[in-house]
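A quick write-up on the structure given underneath.
The structure presented is a predicted model; accordingly, all values stated were derived computationally and were not measured. A, B, ... follow the sequence lines: proteins, then strands. Residue 1 opens every chain.
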2 protein chains.
Amino acid sequence: MTLSDTVYERLRADIVQGRFPPLQPLRLEQLKQQYGVGFSPLREALNRLQGERLVVSAAQRGFRVRALSVTEMWDAVESRILVEGEALRRSVEQGGDDWEAGLVAGFHALSLVVKRLGAGADAPALEELERRHREFHAALISACGSAWLLDFAGTLGTETERYRTLALRSATLRRDRDLEAEHKALLDAALERDADRAADLLEEHYRETGQFLEQVLGQGEAAALR
Amino acid sequence: MTLSDTVYERLRADIVQGRFPPLQPLRLEQLKQQYGVGFSPLREALNRLQGERLVVSAAQRGFRVRALSVTEMWDAVESRILVEGEALRRSVEQGGDDWEAGLVAGFHALSLVVKRLGAGADAPALEELERRHREFHAALISACGSAWLLDFAGTLGTETERYRTLALRSATLRRDRDLEAEHKALLDAALERDADRAADLLEEHYRETGQFLEQVLGQGEAAALR
DNA sequence: TAAAGCCATATTTTCGAAATTCTGGACAAA
DNA sequence: TTTGTCCAGAATTTCGAAAATATGGCTTTA
């Protein structure tokens with residue numbers, strides 16, 4: 001693993017988890033201090049992040065964290081529904097035993113951390129929740145057989161993760177929403193090989209999240225979107 | 001425009017048009033000579049190309065041109081049908097006067113170069129054809145309103161372009177296929193605001209191209225896929 | 001003969017200095 | 001007052017050398 005790779009991962013995490021707010025200029029001199037590396041690995045990492053649409057750059061004017069907006073959030077959510085919906089359908093149709101095993105394992109791991117959390121949820125616990133959530137959804141579509149769909153799903157996943165971390169800083173999940181039940185229903189539909197129902201549930205799941213995000217972002221953290 | 005940008009575009013064109021064959025190692029010293037720049041802009045360009053999946057890299061082992069294969073080609077084609085199909089539907093539903101104007105203009109420009117080509121087609125003429133073809137398809141989906149779908153469509157477009165340029169070097173377009181008619185039908189369906197028909201035609205159009213590519217790649221240029 | 005260790009060479013990766021380019025404010029002219 | 005120009009400071013971009021790492025052939029050993 002090169003220095004570039006390390007710095008890439010650290011920068012990525014710092015952006016996704018909102019430690020660099022949207023639109024913040026990423027000054028090389030400062031990052032050099034912060035991460036303790038030279039210009040070269042920094043610029044390489046930033047160029048790669050540009051490909052994932054986490055940063056933007058203008059010639060001779062350096063890099064900035066990409067902006068967030070409610071409009072853009074809905075675009076990401078709807079695109080995700082399209083891409084992951086199709087990937088899920090294919091997985092349900094083509095997935096083998098190992099796919100099913102991965103699903104069950106992923107759901108169980110997610111349930112455990114959800115229960116453990118209960119009411120109190122500090123930052124590292126939320127990160128763990130986010131990670132297992134991501135892994136469960138990755139497991140759902142893992143047998144789709146398309147590298148491109150998985151690629152796009154990954155990009156959209158980190159994109160929407162930016163909004164989730166932003167929202168969860170100011171609000172806690174609505175009590176009237178039973179996330180565990182939504183995931184359980186998704187798991188059941190997948191195991192029963194009901195592709196249409198699974199895709200519908202996934203669509204519903206993501207739209208709900210979108211509405212939640214819109215609500216929170218609209219009121220509380222509007223400042224963070226500028 | 002920085003040196004990085006320039007070198008990025010040149011490298012990109014050289015890969016897409018097959019002047020660097022698949023799997024070819026991209027040695028920095030050689031590229032340095034070839035493009036007359038230092039290491040920094042080269043590595044930045046290569047890192048960005050990695051994000052577009054045109055090159056791959058392994059730590060301490062440099063960069064290579066990404067491989068091509070028939071399997072991967074079909075994945076790209078099918079993903080393209082999904083993404084552009086949805087984008088086209090939305091464009092047909094939401095597109096305004098300027099969208100229609102762009103469509104008609106794009107189709108006309110494409111027809112002109114197709115007619116001018118006739119039988120003889122040298123390399124620069126083929127590049128022009130490819131450009132207008134790309135622009136017509138871009139115009140079709142340009143009013144979809146989704147930055148993400150346009151982004152994915154662009155990536156898949158350059159990916160499939162790699163296969164087209166490879167195939168067109170060894171084979172000429174089948175005579176029994178009337179590309180102009182296919183495009184005309186697509187244009188008509190779009191202008192008549194028949195989203196379903198347009199999407200079906202687009203799907204057909206891309207699948208036909210896929211079969212053509214499979215045929216050519218399977219026999220003639222199989223060596224180029226390794 | 002086969003396997004393991006080692007060295008010379010080729011290549012990538014990183015650094016810090018130098019060159020280039022932008023920004024914002026002060027000053028002058030209309 | 002407004003507009004335009006110029007300059008100093010700040011930031012990005014580029015370069016070439018130095019450090020770190022892989023590769024392939026050679027020798028040694030079992």
- Item | Whole-Å gap separating C1' (C/dT14) and CG (A/L3) | 7 Å
- Task: Return the 5'-most residue of the pair A/G36, B/L26 with respect to DNA chain C, ranking by each residue's nearest nucleotide.
- Result: B/L26
- Message: Output the rounded distance in Å from CG (A/D5) to C1' (C/dT14).
- Response: 13 Å
- Could you state the NZ-C1' distance from B/K32 to D/dA17, rounded to the nearest angstrom? 10 Å
- Shortest side-chain distance from B/P41, nucleotide among D/dT14, C/dT14, D/dT12: D/dT14
- For B/T165, all residues meeting side chain to side chain donor-acceptor pair (under 3.5 Å), sequence neighbours excluded: none
- Note on the structure: DNA chain C nearest-nucleotide lookup for A/G38 and B/G62: closer to the 5′ end is B/G62
- Query: Which of parallel (below 30°), tilted (30 to 60°) and perpendicular (above 60°) describes A/H137 and A/H205?
  - Reply: parallel
- Message: Tell me every residue that passes side chain to side chain donor-acceptor pair (under 3.5 Å) with A/E214, counting only those two or more places apart in sequence or in another chain.
- Response: A/W74
- When rounded to the nearest 0.5 angstrom, what distance separates NE2 in A/H183 from CG in A/L202? 9.0 Å
- Item | Spacing of B/Q30 atom CD relative to C/dA10 atom C1', expressed in whole Å | 14 Å
- C/dT14 C1' sits how many Å from A/M1 CE, rounded? 16 Å
- Note on the structure: Residue pairs meeting salt bridge (Lys or Arg N to Asp or Glu O under 4.0 Å), one or both in residues 80-90 of chain A, sequence neighbours left out, come to A/R80-A/E84, A/E86-A/R90, A/R89-A/D196
- Task: Using atom CG of A/L31 as one end and atom P of C/dC15 as the other, report the distance to the nearest whole Å.
- Result: 14 Å
At a cut-off of 3.5 Å, list every protein nitrogen or oxygen paired with a nitrogen or oxygen from nucleotides 17-23 of chain C, distance to 0.1 Å.
from, atom 1, to, atom 2, distance (Å)
C/dT23, OP1, A/R61, NE, 2.7
C/dT23, OP1, A/R61, NH1, 3.1
C/dT23, OP1, A/R61, NH2, 3.2

- Task: Return the set of residues passing side chain to side chain donor-acceptor pair (under 3.5 Å) with A/E161 (not counting sequence neighbours), or none when no residue passes.
- Result: A/R134
- Task: On DNA chain D, check which nucleotide each of A/E29 and B/S40 is closest to and give me the residue with the more 5' one.
- Result: A/E29
- Message: Can you list everything that forms a side chain to side chain donor-acceptor pair (under 3.5 Å) with A/R53? Sequence neighbours excluded, please.
- Response: B/D151
- Of the nucleotides D/dT14, C/dC15, D/dA11, which has the atom closest to the A/R27 side chain? D/dA11
- B/Y35 OH to D/dT14 C1': how many Å, rounded? 18 Å
- Rounded to the nearest angstrom, tell me the gap between atom CG in B/L42 and atom P in C/dT14. 16 Å
- Any side-chain N or O of A/T2 less than 4.0 Å from the OP1 or OP2 oxygen of C/dT12? no
